[in-house]
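What follows is a set of notes on a single structure, which appears directly below.
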Amino acid sequence: MKENLIDIENLKVRFYTYEGVVKALEGVNLSLRKGETLGVAGETGCGKSVTGLSVLVLVPPPGKIEGGRITFKNANKTIDLLKQKESFLCDIRGKEISMIFQEPRAALNPVYTVETQLSEVFLHHRRKELIQRVLDGLEKDVKNGKGGLFYGIERSLYRRMLENSDSLYLRFVSKIPVVRRYRLRLKKEIRKEIIRTLREIEIADPERVLNMYPHELSGGMAQRVVIAMALTCNPTLLIADEPTTSVDVTIQAQILSLIRRLKEKFGSSVIYITHDMGVIAETCDRVAIMYAGSICEVADVMEIFKNPLHPYTKGLLESIPTPGKEFKSIKGTVPNLINPPKGCRFHPRCSKAMEICAKVTPKMVEVEEGHFVACHLYRGA
Amino acid sequence: MSVRHRLSEFKAGMKPTVKELKFIITRMRKSPLSIVGIAIILFFIAIALLCPILAPPGYPSQGGDPYKMPHEGWTPTPSPPSEDHPFGTTIYQFDIYYGCIWGTRIAFYVGFLVVGISLAVGLFLGIVSGYYGGAIDEILMRFTDIIYAFPGLIFAMALVVAFGRSLTSVLIALSLVGWPTYARVMRSEVLRVKQEDYVEAAKAVGCSDLRVIVKHVLPNSIYSLLIMASLDIGGIVLTAAALSFLGLGSSIGFADWGQIINQSRDWITGAPGNALAYWYTFVIPGTFIFTFVLGWNLLGDALRDVLDPMIRRR
Amino acid sequence: MGLRAYLVRRLLLLIPTLIGVTLLIFAVTQLFTPIQRASLYIRSEKEASPENLNRIIAKYHLNESVLVQYYYWITEVLHGNLGYSMSKHMPVSEAILSAFPASAELVIFAIPLTVILGIYLGTISAVHRDKPLDHATRFLSIAGWSLPTFWFGLILLALFYDWFPAGRLGAVARNAVFSPAFTRYTGLNILDGLLNAQPWISLDALRHIILPVITLTVVQIALIVRVMRSSMLEALGKGYITAARAKGLNQKEVINKHARRNALIPVITLAGILTAGLLTGVVITETVFSYYGLGYFAAHAAMQLDAPAVLGFALFTGIMYVFANLMVDMMYAYVDPRIRLG
């Protein structure tokens with residue numbers, strides 16, 4: 001039995017908007033095993049993105065995480081992410097857990113070049129390693145006789161950086177016109193790393209891309225840059241929030257294969273958020289179906305397609321357009337989460353709804369091994 | 001259609017508007033800044049209404065122009081606050097208290113009149129310009145551009161010097177300076193609405209131009225105009241006071257806050273050795289100006305804060 | 001390519017705008033009678049006699065059609081003749097040029113102070129949205145905006161005139177500055193003092209300039225705070241902020257590096273309106289502090305209904321404002337790469 005990397009228990013998220021309190025997530029329970037790709041599927045507005053953001057504890061205001069526990073097991077530690085200090089989380093974000101966003105160009109700051117935005121990740125998480133590399137390079141140069149005053153100054157400055165990057169002294173020195181060129185060495189090292197990363201992401205001409213601004217990039221290119229930002233530090237967990245929704249189908253195929261290859265190479269676990277069941281079939285090991293803020297069903301991908309249990313899952317699978325078959329849809333519309341239906345949130349649209357469905361929220365039960373459902377139609381095995 | 005039918009139709013049509021209004025009021029109540037602003041404005045409205053009681057006019061026998069400040073004697077030196085004159089007197093013994101109370105009415109008068117005229121003219125020209133486009137639009141836009149090229153006070157100064165010094169000149173000058181802003185806003189609103197499908201639909205059904213404008217453009221733009229108008233009232237009163245301070249406004253003895261300060265200009269620096277000797281001649285009227293403008297600015301800013309997301313949401 | 005085309009277009013737009021400015025001033029002159037208008041063309045006090053005025057009316061065709069008048073008037077203006085100021089007893093153009101450095105000195109200090117302080121307060125306001133700090137900052141800046149400039153300046157003067165007196169220089173310093181031993185390179189006293197290796201003059205000028213600068217800043221700062229706050233709030237709601245947080249940046253870095261750069265862009269366009277506000281504020285402020293600059297000149301000319309002076313001042317201000325807007329547009333294009341790269 002593989003170990004669980006992430007355990008989300010009873011996660012509650014509320015959004016305090018002008019129109020009222022949106023109960024976005026009501027007791028979400030989810031687990032991710034090490035090395036697997038878990039798909040989170042559902043319609044727009046069902047809370048998949050919010051779940052992803054919650055793992056990073058990045059729910060934007062007016063949203064607040066109101067309760068629950070997110071346990072993260074990494075290296076030897078087991079921690080509850082929701083109870084950690086901001087500084088600790090800043091350490092983890094981008095390094096051990098990272099996120100790929102839905103709208104790549106929106107995720108990039110329009111006034112900075114690609115190089116600047118990518119270097120940020122390096123400067124934040126792999127700084128010491130790179131400074132050490134610069135120092136080693138400097139030492140080697142000095143040994144080879146390329147001595148000189150400037151080298152000496154740079155060496156001492158980098159040594160200081162190794163101890164404390166943010167010291168007042170260094171900040172002061174960075175403002176002096178000629179001397180501050182010492183930082184160029186670090187920039188060059190970072191540049192080398194970025195180019196290497198971009199090559200891995202299969203961007204053909206990294207040097208050119210580096211100097212571009214986000215609005216100059218094509219959709220697919222921008223998405224690759226965003227992926228590069230997420231993978232710089234070989235994260236243990238990658239959260240992909242609909243990474244292919246806003247790109248062409250051809251690019252979509254490329255990006256999907258890219259993510260798969262990178263996952264194999266680095267061994268990361270992936271939470272793949274999407275509304276496209278076809279993509280899930282292609283990339284995920286297990287899948288969780290979400291509706292209106294809670295999980296309906298969790299199972300292996302093959303199992304879900306072969307044997308969907310929850311009425312919503314069945315409706316979803318039936319509504320995938322297939323040539324030759326009649327076009328089916330689930331009747332009704334997604335509920336307003338300010339006043340959600342009582343009991344099971346799907347019951348107004350469910351053809352199999354019973355009396356109990358309108359009163360009691362169904363709990364998640366394991367019907368078969370590895371196959372969980374939250375529906376009053378089923379009892380546990 | 002029967003009257004009752006029309007009435008219920010009207011009420012149904014107003015429902016979303018009513019809901020929006022309630023929403024606005026609730027949001028405003030939550031903002032301390034708007035509460036203070038509204039309180040200040042109500043306070044001044046009260047003073048304006050109670051003028052005759054608070055400060056009985058001094059010349060009832062002479063045909064009763066209440067805006068002539070009463071003065072006893074012609075002593076040029078201002079005298080400090082006393083029982084007879086709660087705020088003191090300025091040169092020639094004009095009673096500052098009287099001037100401040102009646103000045104409230106003048107402030108409302110100036111503010112509302114100028115903003116009203118600017119709004120009306122700007123609204124009309126903006127709609128015409130936006131709706132009909134073409135040469136009219138181009139000319140008007142260049143015209144507003146040019147007026148925009150001048151800081152308001154300076155242009156107003158030039159105009160008043162040309163027209164001659166009086167309160168009326170100030171009013172005309174400020175209106176001329178003020179209308180381009182409203183014209184611009186209305187024009188952009190008209191342009192925005194013009195593109196909407198429902199305008200095409202309305203015209204296809206045969207609605208006259210006027211009806212389209214009144215029914216569609218005006219309601220949508222009313223919020224922006226409200227915000228601008230309430231902020232403008234404060235600005236207009238400030239500029240008018242500045243013009244009065246420069247001696248370009250009403251004449252001596254007229255109950256206007258800026259005028260009172262203007263009259264005391266020679267005494268502001270005080271007596272030798274005591275700069276604050278005649279503080280009451282400018283501090284008190286100035287406080288009135290400041291508070292009045294503050295109230296409107298707070299209101300306008302709070303309105304903007306509440307209405308801006310709504311405007312954008314459209 | 002995009003930038004160059006944009007700049008060229010912008011520069012071409014300059015010409016009709018400048019013409020428009022002159023047209024407007026000309027329109028105001030038409031509100032005067034021909035005799036009054038004649039005073040716009042004289043160069044010295046001697047020329048103001050009645051017979052001479054008739055000669056001028058004939059020479060500049062002041063009784064004829066508007067177009068003809070405009071032609072003559074604009075020719076005079078382009079030659080630098082803006083008429084003669086009765087209140088100051090010197091040609092208007094001379095008066096303006098001699099008064100300009102003083103106001104320039106004020107504005108040079110006021111703009112950076114207003115902008116920097118405004119940006120800082122606006123950021124605080126946005127970051128602590130709807131909390132007491134936000135309300136306090138907003139209230140203070142709106143209060144500043146509501147202040148009648150002359151009232152605030154007078155109060156400051158009355159309270160602090162011992163340490164920060166009125167005028168540009170103290171009596172001793174003024175004698176020194178106007179003596180032959182002192183070269184007035186720029187007309188900016190603070191700079192001149194340093195250039196003449198007499199820093200005490202600079203200090204004296206600084207002492208006198210503090211209160212007017214504070215007055216100007218306090219009144220104008222609300223403008224910057226308001227726009228900075230709303231553009232900051234907008235920037236903070238964008239996707240790249242969440243993405244930056246997901247990279248591991250902490251709150252301070254997110255605000256300073258990511259949000260602020262984007263939020264500053266709309267504020268730059270404000271610099272144009274700020275200039276207008278300062279040009280206006282200068283008129284009153286200089287009067288209150290007896291600071292002999294352009295504003296003081298214009299205010300006193302207005303008080304004495306000296307038409308050529310006021311009109312000349314208006315024309316000058318209009319032109320400066322047009323150029324200020326041009327610079328703002330150019331800065332804007334430079335800062336926003338979306339415009340720069342087309």
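Because the structure is predicted, anything quoted here is derived from the model rather than measured. Note on naming: letters A, B, ... go to the chains in the order of the sequence lines (proteins, then strands), and numbering restarts at 1 for each one.
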Given a strict heavy-atom distance threshold of 4.5 Å, which part of [X] is in contact with chain C: side chain, backbone, both, or neither?
| X | value |
| --- | --- |
| Leu56(A) | side chain |
| Gln102(A) | neither |
| Ile239(A) | neither |

Classify the side-chain pair [X]/[Y] by whether it contains a donor and acceptor separated by less than 3.5 Å.
| X | Y | answer |
| --- | --- | --- |
| Lys263(A) | Thr37(A) | yes |
| His258(C) | Asn109(A) | yes |
| Asn211(A) | Thr113(A) | no |
| Asp241(A) | Tyr272(A) | no |

Which atoms of [X] are under 4.5 Å from chain A, going by heavy atoms: the side chain, the backbone, both sets, or neither?
| X | result |
| --- | --- |
| Lys238(C) | neither |
| Gln251(C) | neither |
| Leu249(C) | both |

Most heavy-atom pairs under 4.5 Å with chain C, out of Arg105(A), Glu86(A), Met229(A), Glu120(A), belong to Glu120(A)
Counting heavy-atom pairs under 4.5 Å with chain C, the top scorer among Leu58(A), Leu89(A), Val121(A) is Leu58(A)
Would a distance-only check, ignoring hydrogens and angles, find a side-chain to backbone donor-acceptor pair under 3.5 Å from Ser141(C) to Ala222(C)? no
Any salt bridge linking Glu253(C) with Arg245(C)? Criterion: basic side-chain nitrogen under 4.0 Å from a carboxylate oxygen. no
